[in-house]
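Working notes, beginning with the structure itself.
Below, chains carry the letters A, B, ... as their sequence lines are ordered, and counting in each starts from 1. These figures come from a predicted structure and were not determined experimentally.
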Amino acid sequence: MPRESASARAERTQSICKRLAAAYPDAHCELDFTTPLELLVATILSAQCTDKRVNVVTKELFSVCKTAADYVALPLEQLEDLVKTTGFFRSKAKNIKACCAALVEKHGGEVPADMDALTALAGVGRKTANVVLGNVFGINEGVVVDTHVARLSTRLGLTREKTPENIEQDLIRLIPRKDWALFSHWLIWHGRRRCGARKPECAACEIADLCPRTGV
DNA sequence: CTCCCGATAT
DNA sequence: ATATCAGGAG
């Protein structure tokens with residue numbers, strides 16, 4: 001089996017984007033939020049947890065905490081109890097408090113629109129920072145690589161890298177910057193609806209002919 | 001690399 | 001019973 005050329009892969013990627021854009025015309029962030037701080041907190045909570053569960057938890061959490069100072073003032077034990085069902089609850093509660101303390105002390109209580117400032121916050125890595133930058137500030141500094149984007153990028157033969165950081169570099173080279181934000185949403189939606197980790201529905205897949213598993 | 005960890009689908 | 005879920009820190 002001949003190795004796909006870089007130009008052929010770029011062209012196939014374009015076709016994949018076009019097809020997924022048609023399949024998911026309203027793809028968007030499925031975490032519920034109304035402010036930058038709400039998306040930041042929701043994304044911290046979304047680690048190894050479904051967005052559906054996060055949205056159940058944040059509905060009550062956001063009614064209790066409106067500002068970064070509110071999270072700082074809330075006793076750790078109460079915050080742990082509010083986020084318990086998202087898993088990793090002790091780490092997440094601790095991180096959210098430390099994160100919000102830093103927001104109050106270093107950023108006037110606001111969420112910084114800056115990659116370095118964001119990733120310096122407790123519980124905020126590159127993936128979470130990319131989510132916040134893209135979805136509330138319209139800044140495409142990188143590509144969001146979560147578990148779905150990583151899995152589908154590998155299955156689709158868009159990367160051979162293993163770490164999220166290295167996969168992101170491959171995707172940045174492969175995809176036009178204007179599509180970065182949508183690309184992640186398309187792959188996440190497709191990963192949830194069609195190309196699940198345990199049960200990929202290749203027979204019904206909209207891009208089966210563009211995938212090394214079933215087509216090409 | 002390991003650890004953090006509850007809810008859900010299979 | 002086990003894999004997986006919009007990961008990050010030590």
Side-chain angles (χ1 to χ4, degrees), chain A residues 20 24 26-33 36-62 76-103 111 115-137 139-155 159 161-168 171 175 180-202:
Chain A
L20 291 178
Y24 309 113
D26 53 350
H28 62 274
C29 178
E30 295 187 88
L31 293 169
D32 293 338
F33 68 97
L37 179 61
E38 286 189 353
L39 181 59
L40 178 60
V41 171
T43 309
I44 291 172
L45 291 176
S46 72
Q48 296 296 296
C49 180
T50 61
D51 65 322
K52 186 176 175 184
R53 169 60 47 185
V54 172
N55 289 337
V56 169
V57 165
T58 54
K59 184 172 185 182
E60 182 179 1
L61 180 62
F62 293 164
L76 179 60
E77 193 174 305
Q78 289 184 36
L79 183 55
E80 286 181 345
D81 193 56
L82 282 166
V83 305
K84 176 157 287 186
T85 61
T86 66
F88 300 159
F89 65 93
R90 279 182 278 267
S91 306
K92 288 174 181 176
K94 186 178 175 182
N95 284 335
I96 288 169
K97 281 188 70 77
C99 173
C100 288
L103 291 181
V111 176
M115 175 64 78
D116 292 332
L118 282 168
T119 53
L121 298 168
V124 181
R126 188 172 175 88
K127 177 260 174 180
T128 297
N130 271 329
V131 168
V132 171
L133 288 173
N135 289 287
V136 305
F137 296 119
I139 298 172
N140 292 319
E141 177 140 347
V143 178
V144 172
V145 178
D146 71 334
T147 183
H148 296 293
V149 174
R151 182 180 69 254
L152 269 68
S153 295
T154 298
R155 284 181 178 171
T159 183
E161 296 295 338
K162 301 300 179 189
T163 70
E165 291 76 11
N166 290 343
I167 291 171
E168 183 182 358
L171 295 177
I175 299 158
W180 286 358
L182 278 173
F183 178 81
S184 292
H185 288 142
W186 290 329
L187 261 56
I188 290 164
W189 278 48
H190 195 61
R192 287 176 177 153
R193 291 160 178 73
R194 197 67 87 198
C195 192
R198 304 178 68 166
K199 193 172 65 77
E201 299 172 349
C202 301

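Considering only the side chain of A:T128, C:dG7 comes nearest among C:dG7, C:dA6, B:dG6. Candidate nucleotides C:dC5, B:dC5, C:dG7 were compared by shortest atom distance to the side chain of A:S91, and B:dC5 ranks first. Ranking C:dG7, B:dT8, B:dC5 by closeness to the A:R53 side chain, first place goes to B:dT8.
Using atom P as the reference point in both B:dA9 and C:dA6, the two lie 12 Å apart (nearest Å). Distance check on atom P: B:dC5 versus C:dG10 gives 13 Å, rounded to whole Å. B:dC4 and C:dC5 have their C1' atoms separated by 14 Å, with the value rounded to a whole Å.
Here the CZ-NE2 distance, from A:R155 to A:H190, works out to 9.5 Å after rounding to the nearest 0.5 Å.
Aromatic stacking is not marked for A:F88 over B:dG6, as the cut-offs of 5.5 Å for the centres and 30° for the planes do not both hold.
Distance, A:I44 CD1 to C:dA9 C1': 13 Å, rounded to whole Å. Rounding to whole angstrom units, CG of residue A:L40 and P of C:dG8 are separated by 11 Å. Rounded to a whole Å, the CZ atom of A:F89 is 14 Å from the C1' atom of B:dC3. Across the protein-nucleic acid pair, A:L152 atom CG and C:dA6 atom P stand 12 Å apart, rounded to whole Å. The nearest whole Å value for the distance from the CG atom in A:L31 to the C1' atom in C:dG7 is 13 Å. At whole-Å resolution of the value, CD in A:Q48 and C1' in B:dT8 are 13 Å apart. Atom CG of A:D51 is separated from atom C1' of B:dA7 by 13 Å (rounded to the nearest Å).
DNA chain B is contacted by both A:R198 and A:C49; A:C49 maps to the nucleotide lying nearer its 5′ end (nearest heavy atom per residue). Between A:T119 and A:S184, the residue anchored closer to the 5' end of DNA chain C is A:S184, taking for each the nucleotide with the nearest heavy atom.
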Pairs under 3.5 angstrom only: tabulate donor-acceptor contacts from the side chains of residues 143-150 of chain A to other protein residues two or more places apart or in another chain.
| from | atom 1 | to | atom 2 | distance (Å) |
| --- | --- | --- | --- | --- |
| A:D146 | OD1 | A:H148 | N | 3.2 |
| A:D146 | OD1 | A:V149 | N | 2.8 |
| A:H148 | ND1 | A:R151 | NH2 | 3.0 |

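Side-chain nitrogen and oxygen atoms of A:R151 include at least one within less than 4.0 Å of the OP1 or OP2 phosphate oxygen of C:dC5. Between A:S46 and C:dC5, a side-chain N or O to OP1/OP2 separation shorter than 4.0 Å is absent. Contact annotation: A:R192 side-chain N/O to C:dA6 OP1/OP2 distance is under 4.0 Å.
The side-chain contact (heavy atoms from CB on, under 4.5 Å) check on A:L76 picks up A:E80, A:A93, A:K97, with sequence neighbours excluded.
Side-chain contact check for A:H185 and A:Y24: no donor-acceptor pair (N or O, by modelled atom type) lies under 3.5 Å.
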